[in-house]
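Working notes for the structure below.
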Amino acid sequence: MLRLADRVAVITGAGSGIGRATAERFATEGARVVCFDTDEEAAGAIAAAVNGLAVVGDVTDPDDVARGFRAAFEAYGSVDIAFNNAGISPPDDDSILETGLDAWRRVQEVNLTSVYLCCKEAIPYMQRQGKGSIINTASFVATMGAATSQISYTASKGGVLAMSRELGVQFAREGIRVNALSPGPVNTPLLVELFAKDPERAARRLVHIPMGRFAQAEEIAAAVAFLASDDASFITASNFLVDGGISGAYVTPL
């Protein structure tokens with residue numbers, strides 16, 4: 001399918017995980033992809049793979065973010081899709097009793113402030129053309145609580161969800177759709193580093209997933225492509241859960 005033919009998509013955190021899988025999926029659907037990442041090598045590699053444009057920058061820096069969206073517009077003439085996906089979940093973000101203020105602030109800057117900055121830059125381009133789709137990566141933890149807390153991560157994703165809802169309502173009549181994507185645990189390098197390499201920690205989480213496994217990045221990318229496309233033309237201000245049934249479960253299958 002070429003649901004995104006000739007549309008210009010900016011993806012933050014495009015160098016790995018969900019961002020990389022989405023860049024690949026967007027390209028197969030006809031989009032011209034701008035791959036924004038802090039890692040120059042990773043950004044260049046995925047941009048080359050999808051015949052797109054690499055932009056190296058820091059999503060917490062307003063000037064870098066503005067430069068990234070400007071580069072997309074100057075190269076391709078529009079900004080039709082913004083997938084604001086960059087995020088971190090460092091080990092020093094833990095229980096509220098253990099997490100220091102520096103760790104709290106660092107996670108908030110990358111996970112929430114960056115989404116604010118990217119939306120702030122993307123929306124004026126979309127207003128000029130009278131259409132656009134913004135997808136912001138939240139998380140199922142914005143909907144559910146966990147005893148295995150990562151307090152700043154959880155709070156940041158709650159902020160992404162609330163902000164996405166607000167923007168989706170505010171700009172709906174200007175043809176701009178804004179949705180939050182809330183994945184469950186995804187088999188990405190970040191998740192593997194956090195806990196999947198530890199069988200006991202992985203099992204602690206898998207027991208709550210009705211499907212009994214972590215998502216693959218390509219499965220999340222498929223959901224992003226749907227939200228970016230006209231197939232989702234009547235969806236805005238939504239929390240789009242792709243969580244393997246976690247948020248709907250009380251007792252999971254044996």
Side-chain angles (χ1 to χ4, degrees), residues 1-59 61 64-87 110 114-115 117-126 128-129 131-137 164 175-181 183 186 188-190 215-233 240 242:
M1 294 185 292
L2 295 176
R3 296 182 297 181
L4 307 179
D6 299 323
R7 297 186 193 182
V8 179
V10 179
I11 300 175
T12 65
S16 65
I18 295 170
R20 183 181 180 91
T22 301
E24 293 169 343
R25 178 62 183 255
F26 278 8
T28 65
E29 298 220 20
R32 289 169 287 188
V33 185
V34 178
C35 304
F36 191 113
D37 204 281
T38 55
D39 186 326
E40 183 175 3
E41 184 177 351
I46 185 58
V50 302
N51 194 29
L53 176 68
V55 176
V56 179
D58 179 354
V59 288
D61 184 320
D64 280 7
V65 172
R67 177 172 54 82
F69 281 92
R70 186 169 59 248
F73 184 79
E74 290 176 351
Y76 299 122
S78 67
V79 175
D80 303 293
I81 302 160
F83 180 36
N84 303 321
N85 166 71
V110 176
S114 74
V115 175
L117 292 172
C118 289
C119 289
K120 192 176 182 71
E121 289 298 326
I123 287 169
Y125 289 106
M126 295 176 177
R128 275 182 262 172
Q129 60 203 32
K131 61 179 181 177
S133 177
I134 297 174
I135 304 102
N136 297 322
T137 299
S164 301
I176 301 168
R177 297 185 297 105
V178 185
N179 291 291
L181 176 79
V186 183
T188 65
L190 178 61
Q216 296 301 315
E218 292 77 13
E219 293 175 303
I220 308 303
V224 183
F226 167 70
L227 290 172
S229 77
D230 290 342
D231 285 346
S233 58
F240 201 81
V242 188

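Just so it is clear, the values below take in all heavy atoms, side chains as well, and ignore hydrogens, waters and symmetry mates.
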Ignoring hydrogens and geometry, is there a side-chain-to-backbone donor-acceptor pair from E218 to A21 under 3.5 Å? no

Is any NZ, NE, NH1 or NH2 atom of the basic residue among D230 and R7 found under 4.0 Å from an Asp or Glu carboxylate oxygen of the other? yes

Work out which heavy atom in A223 is nearest to a heavy atom in V242; give both atom names and the distance. CB-CG2, 3.7 Å

Which atom pair, heavy atoms only, marks the closest approach of C35 to V50? SG-CG2, 4.2 Å

Stepwise, does the side chain to side chain contact (heavy atoms under 4.5 Å, CB included) test hold for I81 with I135? CA-CA 8 Å; I81 302 160; I135 304 102; 4.1 Å; yes

How long is the span from the CG atom in D37 to the OG atom in S16, to the nearest 0.5 Å? 6.5 Å

Using side chain to side chain contact (heavy atoms under 4.5 Å, CB included), reason through S133 and D80 one step at a time and then give a plain yes or no. CA-CA 6 Å; S133 177; D80 303 293; over 6 Å; no

Can you name the closest pair of heavy atoms from N136 and S164 and give their distance? ND2-OG, 2.9 Å

To the nearest 0.5 angstrom, please state how far the NZ atom of K120 sits from the CZ atom of F69. 13.0 Å

Once rounded to the nearest 0.5 Å, what's the spacing between atom OG1 of T137 and atom CG of N179? 11.5 Å

Check A72 against V10 and note the closest heavy-atom contact, atom names and distance. CB-CG2, 3.6 Å

Quick one: does any side-chain atom of R177 pair with a main-chain N or O of A232 as donor and acceptor, under 3.5 Å? yes

Flag, side chain of D64 to backbone of G57, donor-acceptor distance under 3.5 Å: no

Can you name the closest pair of heavy atoms from L181 and L227 and give their distance? CD1-CD1, 4.3 Å

Checking N85 side chain against T12 main chain: does a donor-acceptor pair fall under 3.5 Å? yes

For a side chain to side chain contact (heavy atoms under 4.5 Å, CB included) check, start with the C-alpha distance between I18 and F83, then their side-chain angles and the critical distance, and finish with the verdict. CA-CA 10 Å; I18 295 170; F83 180 36; 3.9 Å; yes

Could you pull out all donor-acceptor pairs under 3.5 Å where a side-chain atom in residues 38-46 meets a protein atom, sequence neighbours excluded?
unit_1	atom_1	unit_2	atom_2	d
D39	OD1	E41	N	3.0
D39	OD1	A42	N	3.0

Student check: side-chain heavy atoms of Y125 and R70 closer than 4.5 Å: yes

Going from CG on L4 to CZ on R25, what distance comes out if it is rounded to the nearest 0.5 angstrom? 8.5 Å

Got a donor-acceptor contact below 3.5 angstrom from the R128 side chain to the S78 backbone? no

Specify the closest pair of heavy atoms between F26 and A9, including all atoms of both residues, with the distance to one decimal. CD2-CB, 3.4 Å

Show your reasoning for whether side chain to side chain contact (heavy atoms under 4.5 Å, CB included) applies to D231 and R3. CA-CA 8 Å; D231 285 346; R3 296 182 297 181; 2.9 Å; yes

